[in-house]
Amino acid sequence: MRRILVAGNWKLNGSTETIKELLKGILAGISDAKADVAVCAPYIYIPLVQDILAGTEVGYGSQSISENDSGAFTGEISGPMLNDFACKYAIVGHSERRSLFCEKDTDTANKFAAARKHGLTPILCVGELLEEREQGITEEVVSRQLDAVIELEGVEALADAVIAYEPVWAIGTGKTASPQQAQDVHAFIRGKIAKLNAEVAEKVQILYGGSVNGGNADELFAMPDIDGGLIGGASLKAEDFLAICKAG
Ligand code: PEP
């Protein structure tokens, strides 16, 4: 039985004050969460998050990772640096990294490899644009994004990873994929992995991301291949985030 994971992606949001307040609120209400819970903070606030979450069951991580360990890569943060602050997760291939920062499938695969090399659990984001869905090529797009990782790291690497299916048209738009639309793609992803390794397919957690909130999380998480959510906007308010953590 796979566990449910709810991971917040704070993106470029927060300050010392608001993060203290947010985490205080989350910790106050977390005891009846049904899911495992994590937050992915802007790099500069990771030490603060580490301090506040020490000794709690809430995991934390970064929103990206450099494919390099050290060297002349201005502005980057590496796996060893994230280890220094005991991060558990690193998001890789978020659609905003792909579209706004020109990260290609191979860059995402290299970041995925870097996270694993340093014992971090990659949260690998995949998902199609609206026009790709309208062209009927969702499965092709998601397949291509997964293949880049499988070719570099092997399908076994997915056993210790998390996949997040995030249709780009649903991210931050208030338009959630219907539970069935999401389930169809999740089942496709699991089926694709199963053709290569049935055990890995059974084990890998596949989260849904895209305008998840307290009102739709129950239905989404009830689908057989949806193992939780990657949450953007609703992870910034303790009350909203907790409502999702208690779903399922
Ligand atoms: C995200 O950025 O990963 C995301 C799912 O955002 P939102 O929940 O705001 O759609």
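Keep in mind that the numbers below use all heavy atoms, side chains included, and drop hydrogens, waters and symmetry copies. Ligands are counted one by one from 1 in listed order, and the atoms in each one are counted from 1 as well.
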field: Selection from E166, K11, H94 by shortest heavy-atom distance to atom 5 (C) of ligand 1
entry: E166

statement: Checking heavy atoms under 4.0 Å, the part of A170 that sits near ligand 1 is backbone

query: Hey, is E103 close enough to R98 for a salt bridge, meaning N to O under 4.0 Å?
result: no

- prompt: Does a donor on one side chain and an acceptor on the other come within less than 3.5 Å for T176 and N216?
  reply: yes

- request: Go through ligand 1 atom by atom and flag the ones less than 4.0 Å from a non-hydrogen atom of G233.
  value: 7 (P), 8 (O), 9 (O)

query: Of all the atoms in ligand 1, which lie at a distance below 4.0 Å from a heavy atom belonging to I171?
result: 1 (C), 2 (O), 4 (C), 6 (O), 10 (O)

- line: Here the atoms of ligand 1 under 4.0 Å from any heavy atom belonging to G172 are 7 (P), 9 (O), 10 (O)

- prompt: Which of the atoms of ligand 1 are close to G210, meaning less than 4.0 Å from one of its heavy atoms?
  reply: 5 (C), 10 (O)

query: Should D36 and K88 count as an ion pair when the cut-off is N to O under 4.0 Å?
result: no

query: Can a salt bridge be assigned to the pair K192 and D147 using a cut-off of 4.0 Å between side-chain N and carboxylate O?
result: yes

task: Tell me which protein heavy atom sits closest to atom 8 (O) of ligand 1, plus the residue, atom name and distance to 0.1 Å.
output: G232 N, 2.8 Å

query: Aromatic rings Y165 and H186: how do their planes relate, parallel, tilted or perpendicular, breaks at 30° and 60°?
result: perpendicular

message: Using a 4.0 Å cut-off to any heavy atom of N9, which atoms of ligand 1 qualify?
response: 2 (O), 3 (O)

message: Side-chain heavy atoms nearer than 4.5 Å, only ILVMFWY residues, links allowed to pass through others: does that put V162 and F221 together?
response: no

